[in-house]
Structure formats: C-alpha cells, structure tokens
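Step one of this worksheet: look at the structure below.
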Amino acid sequence: MAKKRNSIDVILKRAEKLFETGNYLLAEKEFKKAKHKDNSPEIEEKLAICLKHTQGLKGEEWVKKGQKAESRNDLSGALSCFKEAEALLHEAWLRDKIRDLEQSLLGGEMVARAETAVRNKDYQAAADLYATLGQIHKKETYLSDSAVCLVKGNMFDQAIELFTSLNSLDDAAHYHFGYALAKQGRYIDALGQWEMIDSGDAAFVSQQHQVLDFAVEQLNASMNAGSDINGILADAGRLLNGKSVHGNDRLVKGLGVLSDYCRLSLARPLWETGDYGAVATLLESMIFKQDPAIIVLSALTYYHLAETQAEYTRPMADYWLTAVYSSDLAKAVGDDPGKLDKVRQRLIRMAENRINTMAGSDDLNGAVATHFDMDKALMADLLAISGDLQESHSVPWISTPCFSKRYGLSDAVLAMIRENRDYFRDEEHYLSTGACYSRIGESFYALKTGSAKEAFNRLESMDAADSTDEFTNYARGLIRFEYGKFVLENGEKNFLDYFASAADLFETVPGVEKKFSQEMMQYDGRHLFEYESLLGFLYKLRPSGPISEAYSFFMGQAALEKFNRGKINNKQCLVALEKALDVDPGNEYVIHLKEQIAIVLEMDALYSAMNKRKMGKAVALATKSPFPELRDKFFEFIEQMMEQIEESGLEKHYHIAELNDLRNSCIAVDPLHPIVDTLQMKIHLLGD
C-alpha cells in the first residue's frame, strides 16, 4: 500500500529534499508539519537552520507589507508590520520608522511636550513624559531619553537606576550614564560605559583622562585603607584592559604595580612579618624543592629579596619562570587558555619590573635582563612542544636551564627538544635552544648576555672535550668564533687561531654566516686590515656567497685605505680592486671604486700629455675613454691653454697657429663643442 501523502515519513522526505535544494521557506513549512506529528532533536535542528535562513526573507516581506499599509494611510497596520520586520531584521532604520509611526499615532503631542520641556530646561517634566511614552509603547528608547533628562537635571541616582534597567543604549545614553556614575564617585563604572563610545573628540578624551585619574586615586586610597584586595585587583584589571589608559605610561605602570601588589598580598599570608630572608633559609632546608608549590613560594620569596639585594635576582628569575609555567598555575587558573596566558604574561611583567629596577650596576642589570629574555623565549618554546607531558610526569618539564641543571632535568628537556625538531623555525633556533640546556649552557648564556671573554673562559675551565652532541658542538663553535672577534678587536695577533672551526659552524648554521657577513658589510671600525685577513682566511676555507661578498667588500675598503694613506699608487690600487672583483664580480662598491680609480689614472695621463703639449695623445685619451668626465676635463685644459696663449704675448702668426692647433684638437674630440666656435672667432679676429 502506498504511503499516505501526509504521513510523517512522506513529510520528512519532502522536507529533506527541499532542505537539500536550499528551498528553506518550503522546507520550514514541511518541518513544522512534521514537528506537530512527531517532534525530534533532528527536526528541531533542521527547523532552526531553516528559520535562520528564512528570517531575512520574512523580514523583507513584512517591510513590503508595512510600506503598502503606510501608502494606504493604515498607520496602525503599518506599525504592526514594521514591528514584525524589526524583530527579524534588527535594523536601526526600522527602529526609527517604528518610532515615527508611534509618534504619528499619538499625534506627536506627548513628544512635542517633552521636547518643549527640554528646551525650557524642565528636565523633571521631560523625564516624566518620556517615561510615560516608554511605558505606553514598551520602547527602551523613550526610557533612555527619560534617563538622559534625569542626568541633565542632576538627578543622578534616579538616572543610574533607570539606565541600569535598560538592555541596550546608544552612544548618547552611554555618555550620560557614565557621567552620572562619575558624579556619584563610581569612576571605574563610568569609564566602562564610556568604553562603549567610539569617539576621538578632544573634549571627551580629556574628560576620560580626568575620570581615569580620579579612578586611580580612588584605588590607591582603597589600598591604603586596607579595602577588599580582590575588588581592587579586579578594578585595576578593568582599567588596564580599557581604552582610556592607552598611551598613558605613568598610569599603566602604576596600575600594573598596584595589580602585582594585590596578587602578592593574596598569595602568601605568611609574609605579613616581611622576614623574607628567614623564608629563604627555610626553603633551602626543604627536601622536595621540585614540588610546584615550593617552586612558587621560592619564586615569590626571591622576588621580594631581589628588591634590595641584587644577588637574589638570578635565582628569582630561574624559579619565577618555572613557577609561571608549572602545572599548578594552570590548575589554579582553570581550563581557559586565554585567561591562563594573560595570568602568565602579567606575572612575567612583574619579574621584568623587578629586574629593571633592582639595585646594582648597569652591566649587571643588562646581563640579567638579557638572561631573563632568553629564558622567556625558551619557556614559550617548551610550552609549545611539551603537550601533556606535565600532566603525565611528576617533574616540571617546562623549566629554565639553570633550574633543570640544578635538579637533573636537563637530559629530559634535551630529549624533548630532539623529539620535536620539526617545531623549530630553523637550525639555529633548534641548536640555540638545545645549547642552553647542554653541558656548556652556562658558557653559552655568558656569550648571549654580552661577555664573549667570560664565555670562553668558562668553556676552557670545564672538561667539555668529550661532549660531541650537536648542541655542545654548536655552542663551542659559536663561543670560539665570537671570542675570536673579541680578541681581534682587542689587538691580539693570534686571532686567526680561534676561527679554525668557523667553516663547520657556517656549514651547520648558515644563519650565523649570513649575520656575520652582514655585520662585515656595515663595518666602520678601526680593524679593517685584520678583518680583511680574517675574511681571506675564511674565504679559503669556505668560499660561499656571503663570505665572498664580505671579503670582496673588505678588499676594496683596504685598497682604498692604503691608497689614501699613500702606501700604494693608483695602478696598484686598480690591481687590488681587480682582485676584489675576481672574488665577487657583482660587488657594486668595488666596481664604483675601480671606475673612480680608472678615471683618476686617465686624468693623470691626460694632464701629463697636455702639459707636455702632446695633443695627439691627449685627443686619443679623450676620444677613447668611456668616462665623460675625461672629455670634460680635456676641454677645461683647452680653455686654460687658450687663456695662457692669450696672455703669452706671442706674435700674431704664432698666436694664430697655436689657436689653430687647439681648434683642430677640439674638433677631433667633439666638433660641436662650443669652444670650437670660440677658437674660430678668436682666429678670425686675429686674421683681420
């Protein structure tokens, strides 16, 4: 027996077909029929999708109906249609249209009375009228207008209560709501309302800054009064995350310090006595120092000690970053990755502020800051590659190199780095990360914090010769390379001894070679000839593109310097430049130098020929030279010779003969040059 046309299966089949072909209007009707017969989650889901797609179409249909009703002057019917459309489309012009129709239906009398009351500054009457309109038409817009009038009439409590009851506000309402809150001393709430306004008006921005100052003063006063720390921390966070604080470094820093102090105050009630030295002594005597809770406590204790004692800054940094990336912090914050990241970044900024403001020399401060920056990058990388390891192991996998070495975790971290080699952006990134956790990690850190000499001395003092892993080899090669540059700059003669393994380093990490070559291309120091020797040495070991470019550049620089010092002549300089171009034929700098030296040589030859009155040779030089400068100089010499002849007092026929010789020479070089006509005129005048 055939299925009935209106059976649930037939309806669903028909609905599915319409749904698949995108005919959501008809599909919606069929799914609604099916829902009445036998509803299910699948039908609800499909019906929701249809409604989403058809909402706009239905809204447009209601708009058309409303427009037709309005054209027939059926304002009540038009209002009903436009309300249906606005509920579906949520467009601003529909809200305005509805308001216009409502006002028309009311005859505009009440609105007109309210507007008159505003003009007369009778804000209470205006507020009452708008409130009545809101109650009649169930429109928040009128209620918002009522609240604005209350603010203008300085009735702030009533305005705040009314604004709070509304679901949506426009810019004007947000502004007056914020103004009322500020007048009541609720500065942070006021700024929260003003955050909703996208305006760069100078007066408004100035007003925001003034209220922001009041808010910060209020928070500081609350802190001094011992108010709720949690509330202060939340309020400071709202201010820091707001737009009004942007660009105000003073307030940003002040709020950051305030927030940090709140977190510290909440962290350890034990510190009420302020005897952090005793806490540090207690920590040193504990056995389970790898426990995440102890790491956190150690970090916070050293943080306070480092405020006045620089020697605690390094251990603070080591414990701090390990604590920030511990699994305990993640558990305390919750499952929200974004929130966890924000907490981590704020805690890191606390440590950075302590490092930057600690007592000690600038060199020490800079070294510790650089050390901390390196550790930050390492922590981010380890976090990215660690996955769920922290959950499955009892040890903190994400830890600083110093912490890892202290508690025997370095090998585990190195194994994790090797297992995730593909994560790193290049070979240098991979090897640098592993080098920090290698046996010579302390030497590598010394190098990265700016002390090549300390790095080399540390390397020489330890037995690292039997360490042949990739990270140690890279670190050792880089330390010797950088120390070689250090001794070169300090005038030691045996600097080439430290570059024997440079070719292997460059082969392994081309980025080091490229960076070095770029530094050489910009070098303007006083060790020009030493670097020329070094680059020549490296070129023999590894004639790569970057080294060839740098070596050719230095050969050109050295040749020019020797020429300027008078140690070589023009011809010798030209030979040296030719050799530089043999190394790098595309060296534009050397090509330019060679051209300039060639011009000088030809100028010298031209001067010599003309000085000896060998005009044939001079003409040949001027006509065959590829340099226009030489021809210009030729005619300058002709002018000088012409003037000398004019002043010589020669007899007329000798005078004419000399000028004729000059004229013929000029014609041989450039018959159209103006001096040819000048000479011809002088000869003509003498002939007369």
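Below, each value reflects all heavy atoms present in this structure, side chains not excepted, and no hydrogens, waters or symmetry copies.
Each of R406, R314, K405 was scored for a salt bridge (charged side-chain N to carboxylate O under 4.0 Å, His left out) with E442, with one residue passing: K405. Shown are Y589, Y523, Y531; of these, the ring-ring contact (aromatic ring centres under 6.0 Å, His included) with F553 is made only by Y589.
Between the side chains of Y302 and D318, not a single donor N or O lies within less than 3.5 Å of an accepting N or O. Residues S432 and Y474 bring a donor and an acceptor atom of their side chains to less than 3.5 Å of each other. One side chain, N587 or S552, offers a donor N or O that lies under 3.5 Å from an acceptor on the other. A donor atom on one side chain and an acceptor atom on the other are found under 3.5 Å apart for S399 and S404. Side-chain N/O atoms of D373 and T370 include no donor and acceptor closer than 3.5 Å.
When all heavy atoms of T449 and H371 are compared, the pair lying nearest together is CG2-N, 3.9 Å.
Note on K579 versus D582: no salt bridge recorded, every NZ/NE/NH1/NH2 to OD/OE distance being 4.0 Å or above. Taking a cutoff of 4.0 Å between a charged side-chain nitrogen and a carboxylate oxygen, E489 and K485 do not qualify as a salt bridge. The existence of a salt bridge linking R418 and E470 is confirmed by a sub-4.0 Å separation between a basic side-chain nitrogen and an acidic carboxylate oxygen. Using a 4.0 Å cut-off between charged side-chain N and carboxylate O, K376 and E352 make a salt bridge.
Taking CG of L538 as the reference point, atom CD of E513 lies at 8.5 Å (rounded to 0.5 Å).
More than 12 heavy-atom neighbours from other residues, nucleotides or ligands sit within 6.0 angstrom of CG on N241.
Every residue meeting the side-chain hydrogen bond (donor to acceptor under 3.5 Å, both in side chains) condition with E427, not counting sequence neighbours, appears here in chain and number order: R421. Residues passing the side chain to side chain contact (heavy atoms under 4.5 Å, CB included) test with S222 are S227, I232, sequence neighbours excluded.
When atom types are taken as modelled, the side chain of W320 and the backbone of L347 share a donor-acceptor pair closer than 3.5 angstrom. Between the side chain of Q309 and the backbone N or O of H304, no donor-acceptor pair lies under 3.5 Å.
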Does the pair Y498 and F456 meet the rule for a ring-ring contact (aromatic ring centres under 6.0 Å, His included), with working shown?
CA-CA 11 Å; Y498 301 99; F456 183 79; 5.6 Å; yes
